[in-house]
K.L.:
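Take a look at this one; I'll ask things after.
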Amino acid sequence: MTYGSLTPEVPLGPFEASLIRVWSAPGKAAKLHATEHCSRVRAGRVTSSELPLRAVVERMCPQCARYGPWGRPGTGVGLFLGALTGLGLLHELGSYGEANEDTFTDDEVKQASVLLLQSPPDDGEDGSDADEEEEDCWRVRREAQQVRDSVVGQWRSAAASLHRSYRLLALFPWLKPWANAGMRLKADHVALLQQQARQLLSREALVAAAGVTAMSTPELPAEEPVFAVLGTPTAVAEQLISLWRRWSRQAADSWEHPREHDHLAYDLVHGMSSRRKGREAALERAQELVAAWTLALRVGTAGEQDERMLLVRLPEQGLDDLLGRDEAFFGRLSEWELGVLACWATDADWEGLTVTLRVPEAVAARLQSQPSALSPLTPDQAGTARDAAPQEPVETMGPGVFDDTPVSERRVVTTGDLRALRTISREVDQLYLVLSVEAGPEVLPLAVLEARVARGGRYVVVAAAGDLPDALVAARREELAADTVTDADPVWTPHISQSSHPNFGCSLGTAEGERLVARLTRGRPRPDAALRCLLFARAVADLRDLGDRYDASGERRDPVPFPVWDGLLAMEQLDLQPFRPVGEDGARGGSGLSLGILASVQLYTTDAAGQFEGRAHSPGCQHQSRDHGLSRYYDLVTVEQMLSAERFDPCSKCGGYATRRLSTTQVAYYRAAHQVHDLAQQVRWVLGHPGLGTDTVSLLAELREWNAASLPDDWFDGDGGERQWSRSIRRLLRQLEAAVTNQSS
């Protein structure tokens, strides 16, 4: 059986007929290549074509067969090939199946075991020969420790590889019969490495380490005169407590016996000159204390040889976890916990990550009483796990879900498809355009889609953020790239308060959000990805869904890159004065304009209704410690609701809320409303200060221009808002005309 590259012997299941774009030189027998830039292309001219996967496998060049990106990322066939090739299933089946040049022989392991399980050499008599002999003994012991570290490391890697293989096979069950022989070899090799690791570890040391955690803090002789060289009794007490904590921590989490940590006594006089009077006496007393702790441990654990059976569950992490491929679940285990697994595991289910242990009473007590990455199951849980019937086959993935088929031929996405997406893809798109009968088209974060599908929702995936055509993004990207600002220029545009300025309100708009994303991602890898994500995220109904940073398995996810939040939210607050009622005295208050299309603009705050102690804050406010993005802890209100909120108490630093960025039409209406409001303020001033020489001619001309203007149809949702706007303009015009007439007469 050949592993590491995709060969005709590998079953392709439902992906056999999936079309793959390949490149080849002229000729029917020419090799196919996954990319036109393959180094094995020998002809000067290559042509592209789409062929079924089965035909491609038979003719693919060896280099592309092993490393080439055959299918487009994110597609069903792309995920399948990604799970097989590269560092996928074929690589796993070819790894840790038998002994290699790094595997130690049984004789080498036995020889190292003899050296490790005997007590380390004591300090000999003075003399050069004695020193050389002691140095040789320590060197040989260190070499044996290196053998132990290597064997345990190989066992960890082999078990992790076996678990990854199980997870990948669960997604593509038609591969299981073909892979059975390789999986048996891997399981046998894991068992062999565990047996070697067991020989190199001291069970006595592990039991003693378990006893250390049960010890209480001993009496520490801080008042003894011998420790006066260390300082005051208070300082001595602190140093002795620190020594005890270091000794107990290292002794409890080590393969070595606690007696071999007596060197920690030197920490008490660290930094003190060897000529300092009283140093040697203090060191000798510290060594006596450490020896007494070890002696108390021996007395406490003597004769505790009763054994108990435990079923423990290993911690599971994703295949794309940042700890690395060999840390899939062992990465969270301490050295002592690894030793317990190696020495007392009687049966291991590396697929389900459950291990049966037959451990001494002291070890069982520590596992059940102390926080541990090895989670012991309760008797009820253990009985259920043993007696459970074989699990039904999990939902698997196949073609026709993602963008490897026309939208009209897509099938409903399942939990198996989404699980495969999480398992295989390291840089999975987090936003998807989906279609359902109930809600129609929606843009959903992957975590939200997973939750809805798990509850029985039926969705068809239309596209991911990465599927946006480059032609759609290119024009905007070129406009943003044409921005000639340098890194020395300010990132944030200055605030503009004059409504007559052509850029008034632009800092609240979506165009400014795009500029910010482009600026904040300048020089970063894949800057286009953030812009594509922003374009998709704008269609999310509730931006708080993007703040759900943990998926169904509990793993942390970031649905959007950090700069995208600045593209979605403006930390600048809206000036709602034009939309407030006119004051009773006519000189203060708002202008009573309709909110129009601004009524439904979303605002995000920590406390919209004044229900909690303290003031309301926006995301990223310096007065609160939450992240820059949103989460379900925030309230979502509309501008219409905020306008009538009586108990809203905003933070003086941030204004209390963040504004979802306005569209171009909303910015235009916001600017127009403020311009009319400024005119209304001037009219009221004229009415309150007659005869002071105000330029009423220009003011009348502006009002008449607004009165005759044809308003855009999309400024108001209905006729009521437009009538309210017109009435406000006409009322101001009549008031000003009457005032001018009175002044003339």
Side-chain angles (χ1 to χ4, degrees), residues 1 3-4 86-117 140-169 179 181-203 205-206 253-256 312 314-317 319 321-357 373-374:
M1 195 176 296
Y3 300 118
L87 295 177
L89 180 62
L90 299 176
H91 169 78
E92 300 293 2
L93 291 175
S95 305
Y96 304 106
E98 57 185 0
N100 54 27
E101 63 274 8
D102 296 326
T103 306
F104 291 93
T105 64
D106 291 340
D107 291 339
E108 291 173 326
V109 170
K110 187 174 183 179
Q111 183 179 359
S113 175
V114 172
L115 294 171
L116 290 171
L117 299 184
V140 172
R141 184 175 178 82
R142 182 55 190 159
E143 292 176 353
Q145 290 174 341
Q146 292 175 349
V147 172
R148 178 181 61 191
D149 294 343
S150 177
V151 169
V152 174
Q154 291 180 44
W155 171 54
R156 294 174 56 179
S157 299
S161 175
L162 183 60
H163 174 63
R164 283 195 298 272
S165 300
Y166 276 124
R167 289 191 63 180
L168 292 171
L169 286 172
M183 294 296 287
R184 285 195 297 269
L185 290 175
K186 290 177 70 67
D188 292 342
H189 190 61
V190 170
L192 172 64
L193 292 173
Q194 180 180 344
Q195 184 179 6
Q196 289 186 338
R198 181 182 299 136
Q199 298 178 51
L200 296 167
L201 296 169
S202 170
R203 298 192 179 198
L206 296 174
D253 187 25
S254 174
W255 293 330
E256 309 293 349
V312 298
L314 299 176
E316 181 176 0
Q317 293 168 288
L319 297 183
D321 192 270
L322 295 180
L323 287 175
R325 293 177 57 80
D326 293 341
E327 305 295 331
F329 49 90
F330 277 145
R332 300 184 187 180
L333 300 185
S334 67
E335 191 174 275
W336 180 82
E337 290 166 337
L338 283 170
V340 169
L341 278 182
C343 290
W344 288 295
T346 60
D347 184 34
D349 176 10
W350 297 114
E351 181 177 9
L353 294 182
T354 56
V355 180
T356 302
L357 301 176
L374 295 178

K.L.:
Rounded to the nearest 0.5 Å, how far does CD of Glu92 lie from CG of Leu169?
P.N.:
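One gets 10.5 Å once the value is rounded to the nearest 0.5 Å.
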K.L.:
Does a side chain donor of either Gln195 or Arg198 reach within less than 3.5 Å of an acceptor in the other side chain?
P.N.:
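Arg198 and Gln195 do not have a side-chain donor-acceptor pair below 3.5 Å.
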K.L.:
So which heavy atom on Leu93 is nearest to which on Met183, and how close?
P.N.:
CD2-SD, 3.7 Å
K.L.:
What verdict does the side chain to side chain contact (heavy atoms under 4.5 Å, CB included) test give for Gln146 and Ser150, after you've listed the backbone C-alpha separation in whole Å, the side-chain angles of each residue and the deciding distance to 0.1 Å?
P.N.:
CA-CA 6 Å; Gln146 292 175 349; Ser150 177; over 6 Å; no
K.L.:
Under 4.0 Å between a Lys/Arg side-chain N and an Asp/Glu carboxylate O for Glu256 and Arg141?
P.N.:
yes
K.L.:
Apply the test side chain to side chain contact (heavy atoms under 4.5 Å, CB included) to residues His189 and Leu192: give CA-CA distance (whole Å), side-chain angles for both, the deciding distance (0.1 Å), then the verdict.
P.N.:
CA-CA 5 Å; His189 190 61; Leu192 172 64; 4.3 Å; yes
K.L.:
May I ask you to decide if Ser95's main-chain N or O and Lys186's side chain share a donor-acceptor pair within less than 3.5 Å?
P.N.:
yes
K.L.:
Quick one: pull up CG in Leu333 and CG in Leu374 and give me the separation to the nearest 0.5 Å.
P.N.:
5.0 Å
K.L.:
Using modelled atom types only, decide if a donor and an acceptor are shared between the side chain of Thr346 and the backbone of Thr356 within a distance under 3.5 Å.
P.N.:
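Checking the backbone N and O of Thr356 against the side chain of Thr346, a donor-acceptor pair under 3.5 Å is found.
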K.L.:
Quick check: does any side chain N or O of Thr103 sit under 3.5 Å from a backbone N or O of Asn100, one acting as donor and the other as acceptor?
P.N.:
yes
K.L.:
Which distance, rounded to the nearest 0.5 Å, do you find between the CG of Asp149 and the CD of Glu335?
P.N.:
7.5 Å
K.L.:
Determine the minimum heavy-atom distance between Leu193 and Val151, stating which atoms define it.
P.N.:
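Scanning both residues, the minimum pair turns out to be O-CG1, 3.9 Å.
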K.L.:
Looking at Asp349 and Gly352, what are the two nearest heavy atoms and their distance?
P.N.:
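Looking at all heavy atoms of both residues, the closest pair is OD1-N, 3.1 Å.
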K.L.:
Under the side chain to side chain contact (heavy atoms under 4.5 Å, CB included) rule, what do Leu201 and Leu116 come out as? Steps first, then yes or no, please.
P.N.:
CA-CA 8 Å; Leu201 296 169; Leu116 290 171; over 6 Å; no
K.L.:
List the atom of Trp350, the atom of Leu162, and the distance in Å for their closest heavy-atom pair.
P.N.:
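Reported closest heavy-atom pair: CD1-CD2, 3.5 Å.
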K.L.:
Tell me if a side-chain donor or acceptor on Ser165 pairs with a main-chain N or O of Ser161 at a distance below 3.5 Å.
P.N.:
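Yes.
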K.L.:
So, taking the atom named CD in Glu143 and the one named CD in Gln111, what distance separates them when rounded to the nearest 0.5 Å?
P.N.:
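Going from CD on Glu143 over to CD on Gln111, the span is 9.5 Å.
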K.L.:
Test Leu200 against Phe104 for side chain to side chain contact (heavy atoms under 4.5 Å, CB included), laying out the working first.
P.N.:
CA-CA 12 Å; Leu200 296 167; Phe104 291 93; over 6 Å; no
K.L.:
Atom NZ in Lys110, atom CG in Leu115: separation rounded to 0.5 Å?
P.N.:
13.0 Å
K.L.:
Keeping Trp255 on the side-chain end and Ser202 on the backbone end, is there a donor-acceptor pair under 3.5 Å?
P.N.:
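No; judged by distance alone, with no hydrogens or angles, the pair does not exist.
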K.L.:
For residues Val152 and Arg156, determine if any side-chain heavy atom of one lies less than 4.5 Å from a side-chain heavy atom of the other.
P.N.:
yes
K.L.:
Give a yes or no on whether Glu98 atom CD has more than 12 heavy-atom contacts from other residues, nucleotides or ligands under 6.0 Å away.
P.N.:
no
K.L.:
Measure the CG-NE2 distance between Leu314 and His163 for me, rounded to the nearest 0.5 Å.
P.N.:
9.0 Å
K.L.:
List the atom of Cys343, the atom of Leu206, and the distance in Å for their closest heavy-atom pair.
P.N.:
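Scanning both residues completely, I find the closest heavy atoms to be SG-CD1, 3.7 Å.
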K.L.:
For residues Pro315 and Ala373, report the shortest heavy-atom separation together with the two atoms involved.
P.N.:
CD-O, 3.2 Å
